[in-house]
Amino acid sequence: MAAEKISLYNLADLKNTSDDAIANYLNSLKFKQTHFLSDVRLGLGFSAFAIAAACFAWDYKLGFENTKTYTAIAVAVYTILNGILTLWMVYVENGVVYQGTSPSGEKITVATATKKLDPTYRLTVTVTDKSSKSRIIKIAKPFASFFDESGYFVATPFQEILATAVPVVGKLDPKRIKSESQDMLNANPELLDAILAANSTPASVTGAETAQGGKRRKA
């Protein structure tokens, strides 16, 4: 998804790249993204900017003395808007980077976060079904799980994390679902070698023993 090289020591860039990948992936699965939260934030921000610009314009043209009452009102409104914007970002958005609806009608909200000096990507996924019942799924994975050693984002393992942990995503992209047993084998190569040895060696041994046992019975 992302061809840009990211510094593995820059948590902000790692998080921003991963956040963008969430929207790209879910939208590719036909989720319909909702931009309500960002639209409100932009509306509040542009309104505050417009008031500041208007205040400057009438002060420049008419002078401070003629507009000081309006300027005082504009400053108060500007302060209120910025206060609302701050509260909106902290308590309403609260780290939300994606909201959308699946083709089958489930609503999904994804919030992300990182902790200082901890290269772990933390996701809180809230899935609301058609009956308004919500389920919260928490995921925590190191950035090294989906960034290579050079700092490039690798889409497949990232998508596998989401598809495996979030059923509504896995239902739309079943080929990305990884079983727990596969994860265990990947984490323990020695176990995989032992399983392969157990599945291959006994077959020949058992055949030899059977043949020998048959000869003994005939004797």
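In this text, all values refer to a predicted model and were calculated from it rather than measured experimentally.
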Novice: In a table with atom names and distances, give each donor-acceptor pair under 3.5 Å that connects a side chain of residues 40-52 to protein atoms at least two apart or in another chain.
Specialist:
{"residue": "Arg41", "atom": "NE", "partner": "Glu93", "partner atom": "OE1", "Å": "3.1"}
{"residue": "Arg41", "atom": "NE", "partner": "Glu93", "partner atom": "OE2", "Å": "2.7"}
{"residue": "Ser47", "atom": "OG", "partner": "Gly43", "partner atom": "O", "Å": "2.7"}

Novice: Taking only residues two or more places apart in sequence or in another chain, which ones pass side chain to side chain contact (heavy atoms under 4.5 Å, CB included) with Ala140?
Specialist: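 Per chain and number, Ala140 pairs via side chain to side chain contact (heavy atoms under 4.5 Å, CB included) with Thr120, Arg122.
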
Novice: Within this structure, what is the CG-CG distance for the pair Leu123 and Leu162, rounded to the nearest 0.5 Å?
Specialist: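 Taking CG in Leu123 and CG in Leu162, the distance rounds to 6.5 Å.
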
Novice: Would you please name every residue forming a side chain to side chain contact (heavy atoms under 4.5 Å, CB included) with Lys68, sequence neighbours left out?
Specialist: Phe64, Glu65

Novice: Return each pair, listed once, that meets salt bridge (Lys or Arg N to Asp or Glu O under 4.0 Å) where at least one residue sits in residues 147-158; pairs must be two or more places apart or across chains.
Specialist: none

Novice: In terms of hydrophobic clusters joined by side-chain contacts under 4.5 Å, are Ile137 and Phe146 together?
Specialist: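 Yes, because Ile137 and Phe146 connect within a single hydrophobic cluster, where side-chain heavy atoms sit under 4.5 Å apart.
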
Novice: State which residues pass side-chain hydrogen bond (donor to acceptor under 3.5 Å, both in side chains) with Tyr78; sequence neighbours excluded, sorted by chain then number.
Specialist: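 side-chain hydrogen bond (donor to acceptor under 3.5 Å, both in side chains) list for Tyr78, sorted by chain: empty.
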
Novice: How long is the span from the CZ atom in Phe143 to the CD1 atom in Ile6, to the nearest 0.5 Å?
Specialist: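 If we round to the nearest 0.5 Å, Phe143:CZ and Ile6:CD1 are 10.5 Å apart.
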
Novice: Answer yes or no: is there a side-chain heavy-atom contact under 4.5 Å between Lys141 and Pro157?
Specialist: no

Novice: Taking side chain to side chain contact (heavy atoms under 4.5 Å, CB included) as the test, write out the residues that go with Thr69, two or more places apart.
Specialist: Ile73

Novice: To the nearest 0.5 Å, what is the distance between CD1 on Ile84 and OG1 on Thr79?
Specialist: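 It is 11.0 Å, given to the nearest 0.5 Å.
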
Novice: Holding to side chain to side chain contact (heavy atoms under 4.5 Å, CB included), I want the full list of residues that pass it with Asp173, two or more places apart in sequence or in another chain.
Specialist: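 For Asp173, the residues satisfying side chain to side chain contact (heavy atoms under 4.5 Å, CB included) (neighbours in sequence not counted) are Tyr25, Leu29, Lys175, Arg176.
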
Novice: Can Ser102 and Lys171 be said to form a side chain to side chain contact (heavy atoms under 4.5 Å, CB included), step by step?
Specialist: CA-CA 10 Å; Ser102 72; Lys171 183 171 64 175; 5.9 Å; no

Novice: So, for Gly63 and Thr67, which heavy atoms are closest and what is the spacing to 0.1 Å?
Specialist: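 Answer, listing the atom of Gly63 first, then Thr67: O-OG1, 2.9 Å.
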
Novice: Which residues end up grouped with Val90 if you chain together Ile, Leu, Val, Met, Phe, Trp and Tyr wherever their side-chain heavy atoms are less than 4.5 Å apart?
Specialist: Leu87, Tyr91

Novice: Quick one: list whatever passes side-chain hydrogen bond (donor to acceptor under 3.5 Å, both in side chains) with Asn16, sequence neighbours left out.
Specialist: none

Novice: For Thr128 and Ser134, which heavy atoms make the closest approach, and how far apart are they?
Specialist: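 For Thr128 and Ser134, the tightest heavy-atom pair comes out as OG1-OG, 3.0 Å.
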
Novice: Could you list who else is in Trp58's hydrophobic cluster, with ILVMFWY side chains joined at under 4.5 Å, directly or through other members?
Specialist: Leu62, Tyr70

Novice: Among all residues two or more places apart in sequence or in another chain, which pass the side-chain hydrogen bond (donor to acceptor under 3.5 Å, both in side chains) test with Thr112?
Specialist: Lys15, Asp19

Novice: Would a 4.5 Å heavy-atom cut-off, applied to side chains only, mark Leu172 and Pro103 as touching?
Specialist: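 Leu172 reaches Pro103 side chain to side chain.
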
Novice: Just to verify, what does Ser145 make a side-chain hydrogen bond (donor to acceptor under 3.5 Å, both in side chains) with, not counting sequence neighbours?
Specialist: none

Novice: If you measure from OG1 on Thr86 to CG on Leu81, what distance do you get to the nearest 0.5 Å?
Specialist: 11.0 Å

Novice: Any non-hydrogen side-chain atom of Tyr121 less than 4.5 Å from a side-chain atom of Phe147?
Specialist: no

Novice: In Å, rounded to the nearest 0.5 Å, how long is the span from OG1 of Thr114 to CG of Asp118?
Specialist: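 Output value for this atom pair is 8.5 Å.
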
Novice: Please name the pair of heavy atoms, one in Thr71 and one in Cys55, separated by the smallest distance, quoted to 0.1 Å.
Specialist: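 Shortest heavy-atom contact: CG2-SG, 3.5 Å.
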
Novice: Could you tell me whether the side chain of Val97 reaches within less than 4.5 Å of the side chain of Ser18, counting heavy atoms only?
Specialist: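 No. Closest side-chain heavy atoms not under 4.5 Å.
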
Novice: At what distance, to the nearest 0.5 angstrom, does NZ of Lys115 lie from CG of Leu11?
Specialist: 13.0 Å

Novice: Under a single-linkage definition using a 4.5 Å side-chain heavy-atom cutoff for Ile, Leu, Val, Met, Phe, Trp and Tyr, are Phe36 and Val92 assigned to the same hydrophobic cluster?
Specialist: yes

Novice: From the options Ile22, Val166, Thr124, Ile139, select the one residue that forms a side chain to side chain contact (heavy atoms under 4.5 Å, CB included) with Val110.
Specialist: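 Going through Ile22, Val166, Thr124, Ile139 one by one, the side chain to side chain contact (heavy atoms under 4.5 Å, CB included) with Val110 is satisfied by Ile22 alone.
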
